[in-house]
Participant: 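Below: one structure in structure tokens.
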Amino acid sequence: MPDAAKKSWFHKALPAITLMLMAPLIAEVLPGATRVSALMGFPAIFLMEVLIWGTGAVLARYCVRRFRLGWVNLILLALALAVAEECLIQQTSFASLVVQIKGVEYGRAFGFNYVYFTWAMLYEAIFVVCVPVALCEMLYPTRKDEPWLNMWGIIPLVILFVPASFAAWYGWNIIARANTFHLPSYYLPQNLAIISAAAILVLIGLAIGPLRRVLAAPAKPANPPHPLLLAALGAATAGGIFAIEVLAFGAAPQVPTFVPVAVGIGLGLLIMALVPRWMASPKWTMAHLIAMTFSITWGNFAFLFIGFGGGVDLYGKIALDMIGVLLMIWLAIHALRKKV
């Protein structure tokens, strides 16, 4: 009986465990944002990413499935997680950026890296939460409407999220900035911490508060583009996000800062306005979902090869990306056969 009970618990939690692993893999490891050399030198980095990104993705999805909400609510919760990471945990939207390609600060005012912040909100909402959730629901189609965890599973994750966040803050702002990048350690001013916490609460309140049903109302259906066109749009979106990233790091300081900010906000609004309507259409199929999620994910893998460098990190990225692509192809075949 104990073995059976243990197996039953693991079976119930397996989709959530998969999502916890997939979030940092899709957003950090496979694109090369977390490099193989870093993982080899300090493997605990991945554990922290699992406990922060993975837990955040699982909690966001739990709320959406628990309260029977929609993709707009999920995006708002994903943005709350991104604000927590960028403003409170690693504080990279406030501290001076460690990468300045042309040696000048770009898109920074009043102690706020606003172009970088625009990129981070887009990137993390899509690649930490939305894409991993979509992939996991393809993998477990018969359980896609379940929350995957109960409160006994949620509480330990919330508890572990706190020390993982502290470790990530200390490791980046106190150790890495000083020892790796030879920059002063960064301590977040109290007023910025309060503003950040308020923004997180507002986003969570919109997603699961009194207005949650309004945001979760069924979208007006719109005919989706052909899957091939959708794939092209996904790849182009990945390219746009990458362009905002390199601009944020000062690759072309002559470009007015309103350009990447406007492009980022425009992309975000278009995604929130169009994707739920396409998905509500009776013409939306698994082929559309695969085209959209795979193209933006593979596009992100590809664009991040630009200026990546060589050595073990390059070979590691090539190997991991090949494995990731093959597994996603298997997932696509599996999902199409199930016709979910």
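Below, all heavy atoms of this structure are taken into account, side chains as well, without hydrogens, waters or symmetry copies. Numbers for residues simply follow the sequence, beginning at 1. Everything numeric here is computed off the predicted structure, so don't read it as measured data.
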Participant: At what distance, to the nearest 0.5 angstrom, does OG1 of T293 lie from CH2 of W298?
Facilitator: 9.0 Å
Participant: Between E245 and F303, is the side chain to side chain contact (heavy atoms under 4.5 Å, CB included) condition met? List the steps.
Facilitator: CA-CA 11 Å; E245 179 184 14; F303 281 111; over 6 Å; no
Participant: Is it possible for you to say whether V158 and L19 belong to one hydrophobic cluster, with membership spreading through side-chain heavy-atom contacts below 4.5 Å?
Facilitator: yes
Participant: For the residue pair V133 and V64, establish whether any side-chain heavy-atom pair is separated by less than 4.5 Å.
Facilitator: no
Participant: Residues sharing I318's hydrophobic cluster, by side-chain heavy-atom contacts under 4.5 Å among ILVMFWY, directly or via others?
Facilitator: F305, F308, L314, M322
Participant: Show every side-chain hydrogen bond (donor to acceptor under 3.5 Å, both in side chains) that has at least one partner inside residues 184-200, sequence neighbours left out.
Facilitator: none
Participant: How would you list, by chain and number, every residue that makes a salt bridge (charged side-chain N to carboxylate O under 4.0 Å, His left out) with R143, sequence neighbours excluded?
Facilitator: E146
Participant: Got a donor-acceptor contact below 3.5 angstrom from the Y106 side chain to the V255 backbone?
Facilitator: yes
Participant: Between R177 and S96, is there a donor-acceptor pair closer than 3.5 Å when you use the side chain of the first and the backbone of the second?
Facilitator: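 Answer holds: yes.
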Participant: Between CG of L229 and OG of S295, what distance do you get to the nearest 0.5 Å?
Facilitator: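 Those atoms lie 10.0 Å apart.
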Participant: If Ile, Leu, Val, Met, Phe, Trp and Tyr residues are connected whenever their side-chain heavy atoms lie under 4.5 Å apart, and connections chain through other members, are W330 and L25 in the same group?
Facilitator: yes
Participant: Would you say the side chain of I208 lies within less than 4.5 Å of the side chain of N73, judging by non-hydrogen atoms?
Facilitator: no
Participant: Looking at every heavy atom in both L97 and T92, which two are closest together, and how far apart are they?
Facilitator: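 L97 and T92 have their closest heavy atoms at CD2-O, 3.6 Å.
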Participant: How long is the straight-line distance from CH2 of W71 back to CG of L76, given to the nearest 0.5 Å?
Facilitator: 13.0 Å
Participant: Going by salt bridge (charged side-chain N to carboxylate O under 4.0 Å, His left out), name the residues that satisfy it together with R65, two or more places apart in sequence or in a different chain.
Facilitator: E137
Participant: Are I265 and I75 linked, directly or through intermediate hydrophobic residues, by side-chain heavy-atom contacts shorter than 4.5 Å (ILVMFWY only)?
Facilitator: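 Hydrophobic grouping puts I75 with I265.
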Participant: How far apart are the closest heavy atoms of L81 and A57, and which atoms are they?
Facilitator: CD2-N, 4.1 Å
Participant: Give the minimum heavy-atom separation between G153 and L157, together with the two atoms involved.
Facilitator: O-CG, 3.4 Å
Participant: Check the pair I200, L88 against side chain to side chain contact (heavy atoms under 4.5 Å, CB included), reporting the backbone distance first and the verdict last.
Facilitator: CA-CA 10 Å; I200 293 167; L88 290 182; 3.6 Å; yes
Participant: So, K317 side chain and F301 main chain: donor-acceptor pair closer than 3.5 Å or not?
Facilitator: yes
Participant: Quick check: closest heavy atoms across A251 and K102, and the distance to 0.1 Å?
Facilitator: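 Scanning both residues, the minimum pair turns out to be O-NZ, 3.1 Å.
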Participant: Compare every heavy atom of A95 with every heavy atom of N113, then report the nearest pair and how far apart it is.
Facilitator: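 Heavy atoms of N113 and A95 come nearest at ND2-O, 2.7 Å.
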Participant: With a cutoff of under 4.5 Å between side-chain heavy atoms, which Ile, Leu, Val, Met, Phe, Trp and Tyr residues group with V162?
Facilitator: none
Participant: Can you confirm whether L77 sits close enough to V129 that some side-chain heavy atom of one is under 4.5 Å from a side-chain heavy atom of the other?
Facilitator: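 Answer no - side chains too far apart.
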Participant: Side chains of W278 and L289: does their closest heavy-atom pair fall under 4.5 Å?
Facilitator: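 They are not in side-chain contact.
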Participant: I need the L274 CG to L269 CG distance, nearest 0.5 Å.
Facilitator: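 Going from the CG atom of L274 to the CG atom of L269 covers 10.5 Å.
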Participant: Enumerate the salt bridge (charged side-chain N to carboxylate O under 4.0 Å, His left out) contacts for residues 198-225, please, sequence neighbours excluded, ordered by first and then second residue.
Facilitator: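 For residues 198-225, and leaving out neighbouring residues, there are no salt bridge (charged side-chain N to carboxylate O under 4.0 Å, His left out) pairs at all.
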Participant: Heavy-atom distance under 4.5 Å between the side chains of I306 and V246, does that happen here?
Facilitator: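 Contact flag for I306/V246 side chains = no.
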Participant: Can you list every side-chain hydrogen bond (donor to acceptor under 3.5 Å, both in side chains) pair that touches residues 249-270, not counting sequence neighbours?
Facilitator: Y114-T257
Participant: Could you give the distance from CE (M279) to OG1 (T285), rounded to the nearest 0.5 Å?
Facilitator: 11.0 Å
Participant: Which ILVMFWY residues are connected to I194, directly or by a chain of links, through side-chain heavy atoms under 4.5 Å apart?
Facilitator: none
Participant: Heavy atoms only: give me the nearest A33-A27 pair and the separation to one decimal.
Facilitator: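 Closest pair (atom of A33, atom of A27, distance): CB-O, 4.2 Å.
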Participant: With heavy-atom distances below 4.5 Å as the criterion, would you say the side chains of I175 and Y170 are in contact?
Facilitator: yes
Participant: Could you check whether atom CZ of R277 has more than 12 heavy atoms from other residues, nucleotides or ligands sitting under 6.0 Å from it?
Facilitator: yes
Participant: Measure the spacing between CD1 of I204 and CG of L79 and express it to the nearest 0.5 Å.
Facilitator: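 It is 11.0 Å, given to the nearest 0.5 Å.
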Participant: Is there a side-chain contact between N300 and I126 (heavy atoms, below 4.5 Å)?
Facilitator: no
Participant: For residues 26-40, which residue pairs qualify under side-chain hydrogen bond (donor to acceptor under 3.5 Å, both in side chains), counting only residues two or more places apart or in two chains?
Facilitator: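 For residues 26-40, and leaving out neighbouring residues, the side-chain hydrogen bond (donor to acceptor under 3.5 Å, both in side chains) pairs sorted by first residue read E28-T34, E28-W53, T34-E49, S37-D313.
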Participant: Can you find a pair of side-chain heavy atoms, one from F161 and one from I89, that are under 4.5 Å apart?
Facilitator: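 Heavy-atom side-chain distance check passes, below 4.5 Å.
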Participant: My understanding is that only residues two or more places apart in sequence, or in another chain, count here; which of them pass salt bridge (charged side-chain N to carboxylate O under 4.0 Å, His left out) with R108?
Facilitator: E105
Participant: Which is it for F10 and I17 under the side chain to side chain contact (heavy atoms under 4.5 Å, CB included) test, yes or no, and what are the steps along the way?
Facilitator: CA-CA 9 Å; F10 182 77; I17 295 169; 3.9 Å; yes
Participant: With ILVMFWY side chains joined below 4.5 Å, transitively, what does Y315's cluster contain besides itself?
Facilitator: none
Participant: Check the hydrophobic clustering (I, L, V, M, F, W, Y; side-chain heavy atoms under 4.5 Å; chains of links allowed) and say if L326 and V131 are grouped together.
Facilitator: no
Participant: Is T55 reaching over with its side chain to a backbone N or O of I52, donor-acceptor style, under 3.5 angstrom?
Facilitator: no
Participant: Honestly curious: do I174 and F166 fall in one hydrophobic cluster under the side-chain, below-4.5 Å linking rule?
Facilitator: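 Shared cluster, yes.
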Participant: Stepwise, does the side chain to side chain contact (heavy atoms under 4.5 Å, CB included) test hold for L69 with L215?
Facilitator: CA-CA 8 Å; L69 305 176; L215 296 172; over 6 Å; no
Participant: Is the backbone of W148 close enough, under 3.5 Å, to the side chain of K12 for a donor and an acceptor to pair up by distance?
Facilitator: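 No; judged by distance alone, with no hydrogens or angles, the pair does not exist.
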Participant: Going by the rule ring pair (Phe, Tyr, Trp, His ring centres under 6.0 Å), which residues pair with W119 if we only count those two or more places apart in sequence or in a different chain?
Facilitator: Y116, Y123
